[in-house]
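Have a look at the structure below, then the notes.
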Amino acid sequence: MLLVTKKFHNKSEFEFMKLFAARNDSFLSADANVELSTDKSGSSARKEPSGPRHASSFTPSPAAMQPTSLEQVQATAEPNPLKTCENLSTNCVMFLSSLGDGMNAYVAYKVSTRTSLPMFRSKVFSVRRRFSDFLGLYEKLSVKQSLHGCIIPPPPEKSVVGMTKVKVGMDDPSSVEFVERRRAALERYLQRVVSHPSLLQDPDVREFLEREDLPRAVNTQALSGAGFLKMINKASDAVNKMTIKMNESDTWFEDKFQEVENEEQQLRKLHVVVDSLVNHRKELCGNTAVFAKSLAMLGNSEDNTALSRALSQLAEVEDKMEQLHQEQAASDFFIFAELLGDYIRLLGAVRGCFDQRMRAWQRWQEAQSTLQKKREAEAKLLWANKPDKLQQAKEEITEWEARVTQYERDFDRIGMTVRKEVLRFEKEKAKDFKSQIIKYLEAMLQSQQRLIKFWEAFLPEAKAIA
Amino acid sequence: MMAFSSLRSVSVDLNHDASLLIDIPDALCERDKVKFTVHTKTTLSSFQKPDFSVPRQHEDFIWLHDTLVETEDYAGLIIPPAPPKPDFDSPREKMHKLGEGEATMTKEEYTKMKQELEAEYLAVFKKTVQVHEIFLQRLSSHPVLSKDRNFQIFLEYDQDLSVRRKNAKEMFGGFFKNMVKSADEVLISGVKEVDDFFEQEKTFLLDYYSKIKDSTAKAEKMTRAHKNIADDYIHISATLNSLAADDMTANKNLNIILSLQKVEGRVASDQDLKLTELLRYYMRDIQAAKDLLYRRARALADYENSNKALDKARLKSKDIPQAEEHQRQCLQKFDKLSESGKKELTSFKGRRVVAFRKNFIEMAELEIKHAKNSVTLLQGCIELLKSN
């Protein structure tokens, strides 16, 4: 369950946010913090006990989590229906900074965490972070974790245009929407990170959540939205150019990769159409508002009193309809469109971890071929009878034998991890989509119910025309 | 051939007098031309048969309207507005675009879009039949106009009217039409109004016309936006369909999206019929009322001129009897126009109020009905999703 807290700019936004808040079954404190239940990081599928968990049940490092067999992978991937355990929740509040001015101004986000996990210094804390900090976290994680084949959630897109407007201090609705969109996206990003059992253990994540002053992240240019996808695609190209084609004993990986690619395609298409829906609904808003005004003018002109009043009432109903359309457009956008956007990026990340596996295989193959070369060299030396060089050759062979073994083990391990990650991702995705669609439909339901009230109030006015 | 039940959305109290009942039971669309079947049932002896039908084109209706406008005797009446030309441009353009984009969409999406377009064609078709029918029914329920000779010819003449049409055009040459073009100036230029009633009507109608014209245009835009949204839902459902292969949830979503789309489409077309068409029709009707005012203002101007001419004749002591006769005739014409004009404008008010009431009630009831449908759909779907 996702929730946002922010400074409310006007009443209608507040109403809109309350709409979301009402969806949550969890605790709702005064400033609307919501607990987010994290993924179980235990290694077996058992029902969650409610209440805070203890440190001892926490698996301390990613290595210990690696299952040794395929059955275990399947077992840990089983969905856990009773997520009543809340051991960490984090959310992201917007907080406009007064530091810097003009183009140097930046938006600082307040990241609040509530947790019972002993690895943190306190139970409730918050820090200030800026957008580049989030990108920096991603960079650190992807460098470390992707080698294991983890799916690292990607951060939201950078946007020069959007940010410039905000910096210049424009208080128009599109700037407000932009910042809200970014804040919600950052919150979702963080929640995905902390709900991943391995990533939660990463010290960089802990530092991000806890540390007061985080050193400025550098090299974040490449890591925003478009840059991120470009990176993934470049990596894919490199893999495709591999001369030695992998001989898959298990078609699972090939099939799954194809599935992922197809799904990404479809989601992109869907995103385009949903964008069109959002725009048309915004257009409808504008047209309805304009029409309402025109109808009010007509009502003023009308000389029959009852009809004149009915026309004015109808103009008011249309005004209310405009309000409804606006809320619906926001719902279309924030719930539906953003969900699709997130998953298009996430599927890119999934592809990324498949590529990691290929690279691991490649490394292994290369090591094998190097070993082969060393052995051939050794044979040559034997024949040429050069005892001192022979010793060195034998040492190198030992070294490379070890490497081959290591890389083979790495490759198998990554394979296991990728499988596990993908299964976990699919479960999370199904859950996410389901909950978002429910939210979307519930918002629509509320909207329709209010619509009924408006028209039912108008009906007697229409009947009163004489 | 298509059969329609007469859905009179914008006018009321028509076609109740059994002595002359008119309807358009079907129409045929041949490329660009629409052929209406005009069916008459009458007890009047002035007609040759009690029950008969003739085929008519849109141009025939225009001819009838124009001859009525040009008839001096009817100068004091509000001539029902001519039905607008059948306009299939919008769905035709969309059909063309759809054909071009066929390659980029799935077979299902294409089929659904085609169905929607066919529904749009049908809606335009229904609207044009309706508006032609109402025109005839306004005439048949008018005490004076229903007796018009040309009206009878229109209803009865079983040959092609186009020959007659050509002759008429040559005769009149759009004389009155040219006059009406500068009508606003005539009205506003300040021929001194002697009657309070007409002074008020003039002010009211001029103002109301510009406002209703504005509202009509804005209502049209609103309806178009609704239609666009309904189309978007089709594309969404098509894409969800491709995603739905393994995901059960997506299948359910697909159904809900399809149903929502149908509802959205229905809302759009109902709004179009009850609200936009209403405003559009009365905009034209008010124009017809304004035309009456113009004719009366013209008659007043003629009368004033005849007075001046009489004074001049008296001064010159020449042609006094002719001038007196001319003045008397002008006055008579003006008085006749004023008297009948007053009656027409008063009944027009009543008619307008009743029509607005009927349509507003129907529109509100339809909106409520559609919203209740949506609510049931949504509640069902949410239940289903949550229970899994």
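Just so it is clear, the model here is predicted, and its values are computed rather than measured. Within every chain, numbering begins at 1; the chains are lettered A, B, ... in the order of the sequence lines, protein sequences first and strands thereafter.
Across A/Met297, A/Glu283, A/Lys463, the residue that shares the most heavy-atom pairs under 4.5 angstrom with chain B is A/Lys463. Most heavy-atom pairs under 4.5 Å with chain A, from the set B/Gln379, B/Met222, B/Lys386: that is B/Met222. With respect to chain A, the highest number of heavy-atom pairs below 4.5 Å among B/Ala219, B/Ala225, B/Ser210, B/Ser215 belongs to B/Ser215. With chain A as the partner, the residue from B/Met363, B/Arg357, B/His370 showing the most heavy-atom pairs under 4.5 Å is B/Arg357. Ranked by non-hydrogen atom pairs under 4.5 Å with chain A, the options B/Glu367, B/Gln200, B/His235 are led by B/Glu367.
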Original post:
Is there a side chain to side chain contact (heavy atoms under 4.5 Å, CB included) between A/His325 and B/His226 once you walk through the steps?
Top reply: CA-CA 11 Å; A/His325 292 318; B/His226 262 297; 4.2 Å; yes
Original post:
Should A/Asp303 and B/Arg352 be marked as a salt bridge (Lys or Arg N to Asp or Glu O under 4.0 Å) after you check the CA-CA gap, both sets of side-chain angles, and the distance that decides it?
Top reply: CA-CA 11 Å; A/Asp303 60 355; B/Arg352 185 180 82 247; 3.5 Å; yes
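When all heavy atoms of A/Asn287 and B/Lys221 are compared, the closest pair comes out as ND2-O, 3.2 Å. In terms of heavy atoms, A/Glu442 sits closest to B/Ile382 at CG-CD1, 3.5 Å.
Residues B/Leu275 and A/Glu318 meet the side-chain proximity criterion, which asks for heavy atoms closer than 4.5 Å.
With a 4.5 Å cut-off on non-hydrogen atoms, B/Lys349 touches chain A through its side chain but not through its backbone. For chain A, the nearby parts of B/Tyr208 are the backbone and the side chain; heavy atoms of each come within less than 4.5 Å. Residue A/Leu277 touches chain B through both its backbone and its side chain, counting heavy-atom pairs closer than 4.5 Å.
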Residues 307-316 of chain A, side-chain donor-acceptor partners within the protein, below 3.5 Å, at least two apart:
{"from": "A/Ser308", "atom 1": "OG", "to": "A/Gly299", "atom 2": "O", "distance (Å)": "2.7"}
{"from": "A/Arg309", "atom 1": "NE", "to": "A/Glu461", "atom 2": "OE1", "distance (Å)": "3.4"}
{"from": "A/Ser312", "atom 1": "OG", "to": "A/Ser308", "atom 2": "O", "distance (Å)": "3.1"}
{"from": "A/Gln313", "atom 1": "NE2", "to": "A/Glu461", "atom 2": "OE2", "distance (Å)": "3.3"}

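With A/Lys434 contributing its side chain and B/Leu385 its backbone, the two residues share a donor-acceptor pair below 3.5 Å. Using a distance-only test at 3.5 Å, with no hydrogens or angles considered, no donor-acceptor pair links the side chain of B/Asp207 to the main chain of A/Ser301.
By the ring-ring contact (aromatic ring centres under 6.0 Å, His included) test, B/Tyr233 is found to be paired with no residue, residues two or more places apart in sequence or in another chain being considered.
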